[in-house]
Amino acid sequence: MTSVTVRRRTPGSYALLVSLIVLAVVMLLPFVIIAFNAIKSPAEYSSHGPLSPPKSLYLQGLKDFWERVDFGGKLLNSLIISGSVAVLAVILSVLNAYALGIGRVRGRVSIMVIFLLANTMPQEVLVYPLYFFSKKVGLYDTRLSVIIIFTAIQSAFGTYLLSSVLSAFPREILEAARMDGAGRLRILWRIIVPISRPTLGVLFVFFFIWTWNEFFLPLVFLISNENQTVPVALGVLQGQKMMDATMTSASALLGIIPAIVFFLIFQRTLTRGITVGSVK
Amino acid sequence: MTQTLSVPATETKRKPVVRRRREMTYAVYLVPSGVLFVAIILVPFLMNIGISLTRWDGIGRPQWIGLENYTRLLSDGEFWASFEHNIALVIAMAIIPAAIGLVLAAVLFDIIAKRFGPRTASILRACIYLPQVLPFAVAGIVWSWMLAPDNGALNETLKKVGLGSLREDWLGDPKLALYTVMGVMVWVQIGFPLIVFMAGLQRVDPSLYEAAEIDGASWWRRFWYITIPQIRPELYVVLLICSVAALKSFDKVYILTNGGPGNATRVPAYYSWQNFFEKTQVGYGAAIATVMTLIIVVLTAVLLRRQSKAEEDGS
């Protein structure tokens with residue numbers, strides 16, 4: 001933001017500002033319309049259409065939808081699955097990155113590339129064998145099956161990212177700790193993990209949100225109603241086309257709220273994370 | 001995987017035993033993930049290739065047919081049509097958002113932040129980024145409702161402003177559906193390149209712009225000759241991540257259109273899922289998935305190579 005010339009607000013720059021505000025409004029408009037209609041009564045909807053602002057607060061639609069799909073249960077499933085995956089995948093990524101980034105074991109570049117490829121490949125290429133095996137071992141239609149699968153997929157990315165971050169870890173600190181007689185596990189737990197906490201936080205947030213938003217594998221693996229995550233439950237309902245307009249917008253609003261909450265909580269971490277991820 | 005690690009020649013001469021022991025103790029940390037990786041990714045991946053060489057309904061015995069599924073794929077017009085739809089999604093999810101994101105990032109960074117304050121710029125950025133945080137399942141519900149043929153919000157708006165003749169069945173008309181899906185995808189995607197490019201711009205040395213400004217270069221010239229070359233590494237990252245995401249699209253199509261009307265919006269990911277779980281032609285579905293993987297790996301390799309070249313040129 002250092003500049004030699006004084007920045008003047010010319011008419012042109014105001015025009016740009018206005019057009020960007022218009023764009024921002026267009027981006028937000030669907031959210032506003034959804035919120036409007038989620039709190040309208042069906043009668044008001046049918047007499048005034050989707051665009052009018054609500055005249056009174058009608059929460060029955062939201063309540064009915066919540067109960068009908070047991071939305072609390074779906075939220076809990078999503079939280080359990082995404083939370084477990086995020087914790088487990090961060091742990092595995094740290095262990096791998098310790099060996100690859102700090103330990104520099106032989107062949108580490110190839111191992112990192114293999115992990116990156118594993119994360120890039122389409123899930124369609126894994127889904128049928130996984131479906132077949134999970135049925136054989138009795139894990140089909142359990143939350144555990146989805147947790148195990150996504151832990152593998154997310155930690156593949158985490159390993160790739162964290163290994164390159166840790167290979168730049170200051171060697172002197174490690175040497176000093178070794179002189180003091182710290183073992184490998186101790187160095188990992190007492191030095192590397194605390195110092196890399198910001199990066200680990202970014203990974204945790206990303207794994208959590210990515211897993212939360214996943215649709216394909218949870219759709220295949222979580223067929224019974226009580227195991228479904230929020231996106232799967234909403235997606236399946238949408239496919240059945242059994243909802244009226246106000247109920248559809250109630251369902252959309254309930255799906256949007258957790259995402260907005262995460263967005264507000266994690267906004268800084270998210271933007272920082274994208275910088276870590278992209279420029280590394 | 002960890003067992004095959006050996007020691008580089010130069011190091012072996014120096015301290016063979018110590019070095020090897022050091023390697024082994026570190027390699028232990030790869031074991032938990034290695035086991036998981038083999039079970040969840042490597043073995044299923046190889047099995048999928050195996051299945052793609054068979055005719056199998058998923059229940060009985062798979063019947064070995066060699067490359068027959070692949071030759072069938074080559075002459076399957078439905079597969080190629082789905083592949084064309086996928087290219088349309090790459091345009092809508094990677095190329096258009098990257099182009100728009102580049103201009104927006106430069107305007108926000110260079111003009112809005114400098115004249116109206118960084119806070120204004122970051123609020124605008126957050127508004128544009130917001131659709132990115134939604135699970136697509138939810139964004140899809142929002143849009144399929146907005147685009148509904150009778151009393152959907154878009155058609156209602158058109159009627160209100162006197163353009164009632166432009167009302168369409170946006171997702172139900174085979175001629176329009178793909179373009180409608182593309183439009184929704186642009187809405188979903190433009191936030192991502194915007195954020196990455198704005199982060200990248202902070203890395204660029206401001207004296208470059210100042211020198212160009214003193215020399216009297218216009219905004220567009222500075223954008224073209226400084227911003228774009230400087231931000232090339234980020235540009236490749238964005239194109240890579242977004243193209244791969246576009247090639248893997250399943251949820252978009254499942255939620256918005258179910259591949260329809262007819263097959264107007266079907267993509268390979270959806271086609272392989274249909275073969276696995278609806279048509280029970282598991283071998284054929286596996287062949288489609290294998291071809292998808294091949295395409296994605298080739299694209300990733302090409303873009304990563306170009307990106308590392310861009311980074312070398314840039315530094």
Side-chain angles (χ1 to χ4, degrees), chain A residues 1-4 7 9 13 16-17 20 23-24 27-28 30 33-34 49-51 92 95-96 98-99 103 105-107 117-118 120-122 124-130 148-149 151-152 155 184 212-213 215-216 231 234-235 238-239 248-249 251-252 255-256 259 262-263 271 274-275 278-279, chain B residues 5-7 23 25-27 29-30 32-33 36-37 40-41 44-45 47-48 51 107 111-112 114-116 124 127-128 130-131 133-138 141-142 145-146 151 153 156-157 195-196 199 206 210 234 237 244 248 250-251 255 269 272-273 276 282 286 289-290 292-293 296-297 300:
Chain A
M1 237 85 350
T2 49
S3 59
V4 281
R7 304 282 167 185
R9 299 181 175 180
S13 66
L16 271 178
L17 182 68
L20 278 168
L23 176 69
M27 296 299 285
L28 297 182
I33 296 179
I34 284 294
L51 294 176
L92 285 183
L95 293 178
N96 290 341
Y98 190 41
V105 297
R106 186 89 202 274
L117 281 177
T120 323
M121 69 174 51
E124 283 77 8
V125 86
L126 308 175
V127 67
Y128 208 89
L130 288 174
I148 295 174
I149 295 170
T151 299
S155 66
R184 288 202 199 297
W212 186 283
N213 290 353
F215 186 72
F216 178 66
L234 296 182
Q238 167 73 12
T248 306
S249 43
S251 81
I256 289 170
F262 299 145
F263 179 64
T271 33
I274 288 168
T275 331
S278 64
V279 192
Chain B
L5 306 170
S6 54
V7 184
E23 295 259 341
T25 52
Y26 276 116
Y29 290 87
L30 290 170
S33 184
L36 189 67
F37 181 88
I40 302 297
I41 293 172
F45 174 69
M47 255 187 82
N48 185 79
I51 294 171
V107 169
I111 299 176
I112 303 297
K114 284 177 186 163
R115 300 186 196 194
F116 299 96
L124 287 168
C127 293
I128 297 170
L130 200 58
V133 299
L134 286 189
F136 188 82
V138 174
I141 292 169
V142 171
W145 176 76
M146 302 253 304
N151 79 21
E156 283 288 307
T157 317
I195 295 246
V196 176
E210 283 160 18
E234 279 85 0
V237 170
V244 169
K248 295 204 266 192
F250 171 85
D251 47 359
I255 306 245
S272 81
W273 174 82
F276 283 141
V282 179
T290 308
M292 270 177 71
T293 310
I296 290 174
V297 167
T300 308

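Quick note: numbers below take in every heavy atom, side chains included, and nothing from hydrogens, waters or symmetry partners. Naming: A, B, ... by sequence-line order, numbering from 1 per chain.
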Chain A contact via B:F116 - which portion, at a heavy-atom distance below 4.5 Å: both

Chain B interface, residue from A:L130, A:L23, A:T248 that has the most non-hydrogen pairs under 4.5 Å: A:L130

B:I51 portion near chain A, given a 4.5 angstrom heavy-atom threshold: side chain

Part of B:V244 within contact of chain A (heavy atom distance under 4.5 Å): side chain

Segment of B:I296 engaging chain A (4.5 angstrom heavy-atom cut-off): side chain

Side-chain (B:K248) to main-chain (B:M292) donor-acceptor, under 3.5 angstrom: no

Flag side-chain contact, heavy atom, 4.5 Å: B:W145 against A:Q238: no

Region of A:T151 in contact with chain B, defined by heavy-atom distances below 4.5 Å: both

pair B:N48-A:L126: side-chain heavy atoms closer than 4.5 Å: no

Part of A:L234 lying under 4.5 Å from any heavy atom of chain B: both

Best-contacting candidate, A:A152, A:A24, A:G235, against chain B by heavy atom pairs under 4.5 angstrom: A:A152

Of B:F45, B:W273, B:F276, the residue whose pairing with A:Y128 passes ring pair (Phe, Tyr, Trp, His ring centres under 6.0 Å): B:F276

Heavy-atom pair of closest approach, residues A:A252 and B:V138: O-CG1, 3.6 Å

Per-residue contact mode, A:I256 against chain B (heavy atom under 4.5 angstrom): both

Options B:I111, B:L124, B:V297, ranked by heavy-atom pairs under 4.5 Å with chain A, top entry: B:L124

B:I112 versus chain A, the contacting section by heavy-atom distance below 4.5 Å: side chain

Smallest separation among heavy atoms of A:N96 and B:S33, with atom names: ND2-OG, 2.8 Å

Any donor-acceptor N/O pair, B:D251 side chain to B:A137 backbone, under 3.5 Å: no

Greatest number of heavy atom pairs closer than 4.5 Å to chain B - which of A:S155, A:P122, A:P231: A:P122

Check: A:R9 side chain, B:R115 main-chain N or O, donor-acceptor pair, under 3.5 Å: yes

Most contacts with chain A, counted as non-hydrogen pairs under 4.5 angstrom, among B:P32, B:S272, B:A269: B:A269

Side chain to side chain, A:F263 and B:L130, heavy atoms closer than 4.5 Å: yes

Interchain contact, B:T300 with chain A, by part (heavy-atom threshold 4.5 Å): side chain

Most chain B-contacting option - heavy-atom pairs closer than 4.5 Å, from A:L95, A:V125, A:V127: A:V125

Shortest non-hydrogen contact between B:V142 and A:P30, atoms and distance: CG1-CB, 3.8 Å

For chain A, the option from B:V282, B:T290, B:T157 that forms the most heavy-atom pairs under 4.5 Å: B:V282

